[in-house]
Amino acid sequence: MSAIDTGAALPQQKTDYIPVLLPIALALLAFPLVGSFSTWTTLTLAGLAMGMMIFAMASGLTLVFGLMDVMNFGHGAFVAVGAYVAVVAFAPMGALMQSPSLAANLMALIPAMLLAMIVTGVAGYVFERLLVRPVYGQHLKQILITMGGLIVIEQLLYATFGPQLNPLPLPAALRGSIPLGAAAIEKYRLLAVVVGLIVFLALQFTLTRTKLGLLIRAGVENGEMVEALGYRIRRLFIGVFMAGSALAGLGGLMWALYREQAHASIGGEMMVTTFIVIIIGGLGSVGGCFIGSILLALLANYAGFLAPKVALISNIALMVAVLLWRPRGLYPVTSR
Amino acid sequence: MTEALLTLSGVHTHIGRYHILHGVDFDVPRGRTTMLLGRNGAGKTTTLRTIMGLWPASQGSIHFDGARIDKAATPDIATSGVAYVPETMAIFSDLTVKENLVLAARAGAPDERRLEWMFGFFPALRKFWLSRAGTLSGGQKQMLSIARAIVEERKLLLIDEPTKGLAPAIVSALIECLKEIARSGATILLVEQNFRVAQDVGDLVHVMDSGRIVHSGAMADLAADDSLQKRLLGLSLDSHQ
Ligand SMILES: Nc1ncnc2c1ncn2[C@@H]1O[C@H](COP(=O)(O)OP(=O)(O)O)[C@@H](O)[C@H]1O
Ligand SMILES: [Mg+2]
């Protein structure tokens, strides 16, 4: 019965590496423009660190959209909540934070990260049940109600913590930089890159090596068929929603420390950035979201140095350029 | 004769404000291959989707293996033993052939002996085991979609136009595969436009028109009666003979 192989085309579609090359090309292109090696290194590392944090915040959003077609404009709220968890969690841990020992700092930092993820994960569960579930399949209502949720949570944060900026000093051992030849590498940025890479690798591992991850990817492509195979897509979705919220919370904490301050307006700011990033990446694509985050952050840093006025529009300009080239983003999800 | 595995009684289905199925009645007996034929737009796909719970039945009842399933959710219908091969195939193109089958096998890793049995008539699946399903040819995708439905034993297979758009040589091979699956004892409800295929694999037949069943009987009887074919299915059949 080998007749079935008759006319069988050999697989010709190759993995598409062009988007992966874009951040590298951008960095190389920026080098002669920036001129100095040490400045370029600093900007590039700052861009990578920023990109990793944005990726952590945006990765959940792209999966939530991919899986259930849900436009969650409230995602930024979890970023803000994560930032305030940092304020609350570090308050009683002053001694550990001020210790010059990195180990002591991490003993404060790691529990705070876990707490931020737990708090925002639970908040994500409540948010999904209360606001998102009643408006499945209704985009306009989703946008309005989730944006409303963002405003309510922001106002609750103002009411609880006051409208002022809450200073958030970096742990002692993570201040300053490590000299590397002529360049200086800021320690906290290195940490942000490490944390971002861990998040990316953990997500990639889950999505490619576990049955749960395969189900999520299959669900992004064709949720109906996943149900026809006997799996409950809504249960899958709420898990993804909670995990995405937890990652947003982690990103929020990291971002607040990077800025050394927490403020509820971070939620609205990051909402715009994360949406740009997931559109650039291709809605539903985690890999695209990763590359989009790094591209956007690198460009923001180079532009901020080379032409500060251009930097104001660099995010939007990047999105327009990518969409002109690939209208559905860097890695369009097949069935969309 | 044992009781039917699947029974539809007076099933109506609305899609949005369109009334598509107007009281569909038929039985699918155990261990046989039942054909669901009818012109384009007769409501065959809608019937399969309604059985699967992908469209809600607005009236009537559907019984499967002794239980009423017309109000059940799709995942529950699937886990009660119904497998679905949609018209669109709906393979997960971003996943490998293997990963597609891993998801279809709910009880754990796919059974080796069953895989060998499947590779016997779908050799391309072994060959492209670790390739992304999106890179397969149309015929191979159809094989994968059917393989997903039989990777574990299911009580009922719903298969929607598996030969659509395939080259004649591949269609012949697919017929042999379907017969082999039927010989394994499976109960199949098969939608098909190609009358040659229907004639070859069907034991029983139901013909639909405008959202209703207009003829039920043995496939051999319909195959032998040219004028009945013409009346029920129109002239388009000649092109398949
Ligand atoms: N999603 C839909 N929305 C509106 N009408 C539909 C939809 N799907 C099918 N129909 C209509 O229902 C009728 C039956 O379609 P279908 O079940 O796909 O027929 P068949 O599979 O027999 O060719 C057709 O008239 C078709 O136009
Ligand atoms: Mg059809």
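No experiment lies behind these values; they were computed from the predicted model shown. A note on names: the letters A, B, ... follow the listed sequences, proteins ahead of strands, and every chain is numbered from 1.
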With a 4.5 Å cut-off on side-chain heavy atoms, are [Y] and [X] touching?
{"X": "B/Arg49", "Y": "A/Glu224", "value": "yes"}
{"X": "B/Phe92", "Y": "A/Arg217", "value": "no"}
{"X": "B/Arg148", "Y": "A/Met225", "value": "yes"}

*Going from CG on B/Asn100 to CG on A/Leu214, what distance comes out if it is rounded to the nearest 0.5 angstrom?*
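Reported to 0.5 Å precision, the distance equals 9.0 Å.
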*Separation between OG1 of B/Thr74 and CG of A/Leu229, rounded to the nearest 0.5 Å*: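 These two atoms lie 11.0 Å from each other.
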Is [X] atom [atom1] crowded by more than 12 heavy atoms from other residues, nucleotides or ligands, each under 6.0 Å away?
{"X": "A/Gln204", "atom1": "CD", "result": "yes"}
{"X": "B/Glu116", "atom1": "CD", "result": "yes"}
{"X": "B/Arg183", "atom1": "CZ", "result": "yes"}
{"X": "A/Tyr125", "atom1": "OH", "result": "no"}
{"X": "A/Lys141", "atom1": "NZ", "result": "no"}

*Under 4.5 Å from a heavy atom of chain A, the part of B/Ala167 involved*: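 Neither part, no heavy atoms under 4.5 Å.
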*Can you tell which part of B/Ala105 gets under 4.5 Å to a heavy atom of chain A, answering side chain, backbone, both or neither?*
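The backbone, not the side chain.
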Give the table of side-chain donor-acceptor pairs shorter than 3.5 Å for residues 274-288 of chain A, with sequence neighbours excluded, one pair per line with atom names and distance.
{"from": "A/Thr274", "atom 1": "OG1", "to": "A/Met270", "atom 2": "O", "distance (Å)": "2.7"}
{"from": "A/Thr274", "atom 1": "OG1", "to": "A/Met271", "atom 2": "O", "distance (Å)": "3.0"}
{"from": "A/Ser285", "atom 1": "OG", "to": "A/Gly288", "atom 2": "N", "distance (Å)": "2.8"}

*Any donor-acceptor pair under 3.5 Å linking the side chain of A/Glu221 with the backbone of B/Ser93?*
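Yes: the side chain of A/Glu221 pairs with the backbone of B/Ser93.
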*Among B/Leu103, B/Thr79, B/Ile91, residue most engaged with chain A (heavy-atom pairs, under 4.5 Å)*: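 Of B/Leu103, B/Thr79, B/Ile91, B/Leu103 has the most heavy-atom pairs under 4.5 Å with chain A.
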*Among the options B/Gly53, B/Ala78, B/Pro75, pick out the one with the most heavy-atom pairs lying under 4.5 Å from chain A.*
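The residue among B/Gly53, B/Ala78, B/Pro75 with the greatest pair count is B/Pro75.
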_Among residues at least two apart in sequence or on other chains, which ones pass side chain to side chain contact (heavy atoms under 4.5 Å, CB included) with A/Val320?_
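Here the qualifying residues are A/Ile316, A/Leu324.
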